[in-house]
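Accompanying notes for the structure given below.
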2 protein chains.
Amino acid sequence: MPHAPSRRPTILDVARAAGVSKSLVSLALRGDAGVSESTRARITAAADQLGYRSNALARGLVQGRTMLLGVLLTDLANPYHTDVVAGIEESAGEAGFGVLLAHGRRDAKRLASQLDTLVQLNVDGVIAVSSWVDPADLQAAARRTPVVVVGRPEHPPAGIDTVANDDAAGAALAMTHLVGLGHREIAFVTTSRRPAAEGRRCGYETASHRAGLSPHTVAAESVEELPLRVAPLLRSGVSALIANNDLTAVALLDIAHDLGLPVPERLSVVGYDNSTLAALVRPRLTSIDQPRPELGRTAVRLLLQRSGGRTTDRHEVLNPRLVARGSTGPYGR
Amino acid sequence: MPHAPSRRPTILDVARAAGVSKSLVSLALRGDAGVSESTRARITAAADQLGYRSNALARGLVQGRTMLLGVLLTDLANPYHTDVVAGIEESAGEAGFGVLLAHGRRDAKRLASQLDTLVQLNVDGVIAVSSWVDPADLQAAARRTPVVVVGRPEHPPAGIDTVANDDAAGAALAMTHLVGLGHREIAFVTTSRRPAAEGRRCGYETASHRAGLSPHTVAAESVEELPLRVAPLLRSGVSALIANNDLTAVALLDIAHDLGLPVPERLSVVGYDNSTLAALVRPRLTSIDQPRPELGRTAVRLLLQRSGGRTTDRHEVLNPRLVARGSTGPYGR
DNA sequence: TTGAAAGCGCTAACAT
DNA sequence: ATGTTAGCGCTTTCAA
């Protein structure tokens, strides 16, 4: 029978119903050993009957911890984040922690307020899956609870651990792949100046020099601007493109299509992130895969180490791998 | 200077630092009128200096409310959910509420435990953006806090409000569009038996009959099974397909491509959800758009009405609209 | 094995 | 304008 949410039953209601003290109820419901079976049965029965649920606020207040981890997200829709969150949830669950998500978009102010919400809730740690949070805000939060950043913050502030994939190594993987296919004129195309994109660009340029090739980098302000910037490149004989991410890569596929350049016969394209998109578009996108769940699991591990007393900062870097699909092929077929 | 998160300063620490009582600190920090400017200044200074942040657990405990709304999600990666969440965050923010997300995948057990976490945290309401939550769990939650479901639960349980788009109307929009283009043999292709897909199927069948056409429905178990089920249909002269969602529609585009059937010249395809995917694939997908942010805003409105004392259940239905793109064209061109 | 009592950090009603 | 006091619901000594 749906009735208006009346006053929630408390431990005291259960105690009265079972005819015991409230401390005994607390002990019994948490499975303490020193409670006789008969009383425990009576107590659980009373609790069930009343529909009692413990109050996490009160518990958190008295225990000084909530057994909750907070995760701060920039972008829900990004499947990259989803997989990282999956890894976080897995490891957190194993360690007995619940996971609460807060969502701040690409807006430092929003993110700060969400971070604050989490901190005020006394979560036992915060994982920021975002490079958009203001370092000062992260540091303020880190004075109250362990903070780990997944990704590459502009300037990793002191007191904070980070986990990221090795962007430079990922770009180098793309280069090795393309050079192995016989390409010599390989360009890097980016629509972002954020640290992740910059890391990839650096890796690309280093790998170019190492392979004895001269790098061509196109940095567009937006996806819309790409056709204008990329067309000359393609006319100049570039046969392969490395994009800063899959979204850019898909835009490049589109441009190639519009120019009548078949992919991969005349042009090879490599994306970054191996998002679900990569497996959906035609041709399937060759892409660099970040170990996303592993990033999440590592973040939780770092968090627990912090709670455990570590005070030195750790910055973990995980290796990406290349997933070859249909958007790359041998040169000059 | 990053130091180990020591004991967080409390209102009492601030009070001592400012040389006042703790109630005055509470009043001052919350902007109560009856505090002299000079003391207020002293108090805020002390609070800033100590890096004081109020404890939401304690506040929630004493006030009996947290000013937080909980949102239960099935699938973070789905951009549909993202947009609904955006609407929720907008309306919640205007009403002074924070938003906490919990993520349970398509797993009733996980969802139940996440729902419990939110309820135990004493959130002031829960919005379940998911049709996968066990109705019994929803009802249990609804005994403690207002609950709104966005979407179409299998059997809407009593005591719970819902908001959904009108799936039947959406399918009818697709029919009108295709019939207007001259198509006569139009099939509905689904990979799901969930209420949303069923609603769309019903709408399609009703619209077919109304247009004097005979419906063809293909219900596949999975996307993988589609080619086998759809090929005969296409051979039999069907010239247009309505998919239960965009993912299915994209799979259909692929199948058409593999069969050498140009879209939209020889085959028209309509998706459902107008996801970001729809604007990325080639050809761009004509799709039915749900008013996603509006769904979220409506959910918050319903929630606030409940908190405000409404006890009767409300079930809002919002109208979708068709977004025409390149995957549909006139018959028999 | 059980109960009484203190207190987590805060707000709110009631003094002063 | 400021201080005192009594809880919110729970865990946690400490006694019985």
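Per chain, numbering begins at 1; letters A, B, ... match sequence-line order. These figures come from a predicted structure and were not determined experimentally.
- Between Gly151(A) and Ala164(A), the shortest heavy-atom contact is O-CB, 3.5 Å.
- Of the residues in residues 28-36 of chain A, those lying under 4.0 Å from DNA chain D by heavy-atom distance are Arg30(A).
- Here the closest non-hydrogen pair linking Leu76(A) and Thr82(A) is O-OG1, 4.1 Å.
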Below 3.5 Å is the cut-off: list the nitrogen or oxygen pairs between protein and nucleotides 14-16 of chain C, distance only.
none

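- For Arg40(A) and dT2(C), the CZ to C1' distance is 13 Å, given to the nearest whole Å.
- At whole-Å resolution of the value, CG in Asn122(B) and P in dC10(C) are 17 Å apart.
- How far CG of Leu121(B) is from CG of Leu100(A): 6.0 Å, rounded to the nearest 0.5 Å.
- For Thr298(A), there are no side-chain hydrogen bond (donor to acceptor under 3.5 Å, both in side chains) partners two or more places apart in sequence or in a different chain.
- On the nucleic acid side, DNA chain D has its first and last nucleotide under 4.0 Å of a heavy atom of chain A at dG9(D) to dT12(D), going 5' to 3'.
- If you take CZ of Arg42(A) and P of dT1(C), they are 14 Å apart, rounded to a whole angstrom.
- No donor-acceptor contact under 3.5 Å links the side chain of Ser26(B) to the base of dA12(C).
- Note on residues 108-127 of chain B: pairs passing salt bridge (charged side-chain N to carboxylate O under 4.0 Å, His left out), not counting sequence neighbours, are Arg53(A)-Asp116(B).
- Distances were taken from every side-chain heavy atom of Ile11(B) (C-beta onward) to each of dC10(C), dT2(C), dG7(C); the shortest belongs to dC10(C).
- Of all non-hydrogen atoms in Arg143(A) and Leu50(B), the two that sit nearest each other are NH2-O, 3.8 Å.
- Applying a 4.0 Å cut-off to non-hydrogen atoms, the residues of residues 55-66 of chain B that approach DNA chain D are Leu61(B), Val62(B), listed by residue number.
- In terms of the side-chain hydrogen bond (donor to acceptor under 3.5 Å, both in side chains) criterion, residue partners of Glu89(B) (sequence neighbours excluded) are, by chain and number, His103(A).
- An end-to-end axis angle of 40° holds for the helix from dT1(C)-dA16(D) to dT16(C)-dA1(D), taken from five base pairs per end and rounded to 10°.
- Contact annotation for Thr10(B): backbone-only contact, meaning every heavy-atom pair under 4.0 Å involves sugar-phosphate atoms and none involves a base.
- Listed here is the closest heavy atom pair of Ser91(B) and Arg297(B): OG-CG, 3.1 Å.
- Applying the salt bridge (charged side-chain N to carboxylate O under 4.0 Å, His left out) criterion to Asp161(A), with sequence neighbours excluded, gives Arg306(A), Arg310(A).
- In summary, the side chains of Asn55(A) and Arg8(A) do not present any donor paired with an acceptor at a separation below 3.5 Å, with no hydrogens or angles considered.
- Across all non-hydrogen atoms, the minimal contact from Leu138(B) to Ala128(B) is CD2-CB, 4.2 Å.
- Considering only residues two or more places apart in sequence or on other chains, Thr74(A) meets the side-chain hydrogen bond (donor to acceptor under 3.5 Å, both in side chains) condition with Ser130(A).
- Under the rule for a salt bridge (charged side-chain N to carboxylate O under 4.0 Å, His left out), the partners of Arg152(B) that lie at least two apart in sequence or sit in another chain are Asp167(B).
- Proximity of a side-chain donor or acceptor of Ser26(B) to a complementary backbone N or O of Lys22(B) within less than 3.5 Å is not detected.
- Taking each heavy atom of Tyr52(B) and Ile11(B) in turn, the nearest pair found is CE1-N, 3.4 Å.
- Residues Glu37(B) and Lys22(B) both approach DNA chain D. Their nearest nucleotides, taken by heavy-atom distance, put Glu37(B) toward the 5′ side.
- Annotation: side-chain hydrogen bond (donor to acceptor under 3.5 Å, both in side chains) contacts involving residues 59-72 of chain A, sequence neighbours excluded, comprise Ser54(A)-Arg59(A), Arg59(A)-Gln120(B).
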